[in-house]
Protein chains: 2
Amino acid sequence: MNQSIRDEFEDRASVLKALAHPTRLFIVEELSDGERCVHELTEKIGADMSTVSKHLSVLKSVGIVGTEKRGAEVYYSLRMGCVLDFFDCIEAVIRGGDDSSCPPGRSSCG
Amino acid sequence: MNQSIRDEFEDRASVLKALAHPTRLFIVEELSDGERCVHELTEKIGADMSTVSKHLSVLKSVGIVGTEKRGAEVYYSLRMGCVLDFFDCIEAVIRGGDDSSCPPGRSSCG
DNA sequence: GCAATACTTGGCGAATTTACCAAATGACCA
DNA sequence: TGGTCATTTGGTAAATTCGCCAAGTATTGC
């Protein structure tokens, strides 16, 4: 693996890393229903607002979500809805499906 | 977020965590072309074999890859090919596409 | 201006991850 | 049986992540 290949996979991994946290996945699912401000998300998640804000900034830094400030509130919304497509495959992995239910090669999963 | 909801998202996150490393993404892509033994992967990756072996065990522990021992070699293969579907969306996120190229709601990405 | 609300940022300790080396296991062959 | 190749596991230091608290910025309303 040379450096440019490594960089390429590093970039890809950073997108997955941004998603690879239960709170951030919860946020993504929540935002699939529409925009939410930090305060709303904080209530649903039940953590410190600073913690939620940091999770949001991780998602924003890779471009998965975007923000719009309205008054004192900052509304977050999903910018890359395609990440929702991951969920079905993830469920399949958790259920422990095998090749037959999820063959290699750009197939859909579920 | 109550405990059972948290557990659910924890499980989902663990699948993404397994993928969220450049070396492991490289392995997945490599295996999309067919099975490989640890030795082959180690050469292509250029890290210590023990490091590669540990990455493989992470992927195996969540069920993304499976193994078959033949002689002294252990061949790894992709068990959940659906994870390859993530790549297009990930590329779109990296390219910084916006809503129009990747609208919310179970759409395909690319 | 002041206080309150909404949010972000800095900082710190705790927990997790990562990569290497060394050592152990298992299979194959002379 | 001894040696070698293939792989896994244990251990450890360095780096990263995580969550809370404290403090700072911005907006609203009195």
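Within every chain, numbering begins at 1; the chains are lettered A, B, ... in the order of the sequence lines, protein sequences first and strands thereafter. The shown structure was predicted, so the numbers you read here are calculated from the model rather than taken from an experiment. Side chains are part of it too, since the values below use all heavy atoms of this structure and drop only hydrogens, waters and symmetry mates.
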Asks: What are the bounds, 5' to 3', of the part of DNA chain D that sits under 4.0 Å from heavy atoms of chain A?
Replies: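 Answer, 5' to 3': D/dC18 to D/dT28.
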
Asks: My understanding is that only residues two or more places apart in sequence, or in another chain, count here; which of them pass ring-ring contact (aromatic ring centres under 6.0 Å, His included) with A/Tyr76?
Replies: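 With neighbours one apart ignored, the set is empty.
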
Asks: Need one value for B/Ser57: base, sugar-phosphate or nothing, where a base atom within 4.0 Å counts as base even if backbone is also close, heavy atoms only.
Replies: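 Contact class for B/Ser57: none.
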
Asks: Identify whether any heavy atom of B/Tyr76 sits under 4.0 Å from a base atom; if not, whether one sits that close to sugar-phosphate; answer base, sugar-phosphate or nothing.
Replies: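 Result for B/Tyr76 = sugar-phosphate.
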
Asks: Would you call the rings of A/His55 and A/His21 parallel, tilted or perpendicular, taking 30° and 60° as the class edges?
Replies: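 Plane angle between 30° and 60°, so tilted.
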
Asks: Which two nucleotides bound the region of DNA chain C that has atoms under 4.0 Å from heavy atoms of chain B, read 5' to 3'?
Replies: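 That gives a stretch of C/dT18 to C/dC28.
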
Asks: Of A/Val74 and A/Lys17, whose nearest nucleotide on DNA chain C comes first from the 5' end?
Replies: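 Its nearest nucleotide being more 5', the pick is A/Val74.
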
Asks: How would you label the contact of B/Arg24 with the nucleic acid (heavy atoms, under 4.0 Å): base, sugar-phosphate, or nothing?
Replies: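 Since only primed, P, OP1 and OP2 atoms lie under 4.0 Å of B/Arg24, the category is sugar-phosphate.
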
Asks: Donor-acceptor pair, A/Ser57 side chain versus A/Lys54 backbone, under 3.5 Å?
Replies: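 A pair under 3.5 Å: yes.
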
Asks: Checking salt bridge (charged side-chain N to carboxylate O under 4.0 Å, His left out) against A/Arg36, which of A/Glu30, A/Glu68, A/Glu43, A/Glu29 comes through?
Replies: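 Result: among A/Glu30, A/Glu68, A/Glu43, A/Glu29, A/Glu30 is the only option passing the salt bridge (charged side-chain N to carboxylate O under 4.0 Å, His left out) with A/Arg36.
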
Asks: When you match A/Glu73 and A/His21 each to their closest nucleotide on DNA chain D, which lands nearer the 5' end?
Replies: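 So the residue in question is A/His21.
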
Asks: Is the closest basic N to carboxylate O distance between B/Lys17 and B/Glu10 below 4.0 Å?
Replies: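 Looking at B/Glu10 together with B/Lys17, the answer is no, because their closest N to O distance does not fall below 4.0 Å.
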
Asks: Are any of the side-chain nitrogens in B/Lys44 or B/Glu40 under 4.0 Å away from the carboxylate oxygens of its partner?
Replies: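 Looking at B/Lys44 and B/Glu40, the cut-off is not met.
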
Asks: Any salt bridge between A/Arg12 and A/Glu8, counting N to O under 4.0 Å?
Replies: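 Counted as a salt bridge, because a side-chain N and a carboxylate O are separated by less than 4.0 Å.
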
Asks: For A/Thr23 and B/Tyr75, find the nucleotide of DNA chain D closest to each by heavy atoms; which residue's nucleotide sits nearer the 5' end?
Replies: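 Between the two, 5'-proximity favours B/Tyr75.
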
Asks: Are the side chains of A/Ser32 and A/Leu84 in touch, meaning some heavy atoms are under 4.5 Å apart?
Replies: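 Of all side-chain heavy-atom pairs linking A/Leu84 with A/Ser32, at least one is under 4.5 Å.
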
Asks: Under 4.0 Å, counting only non-hydrogen atoms across every strand here, what does A/Lys54 touch: a base, just sugar-phosphate, or nothing?
Replies: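 Base contact.
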
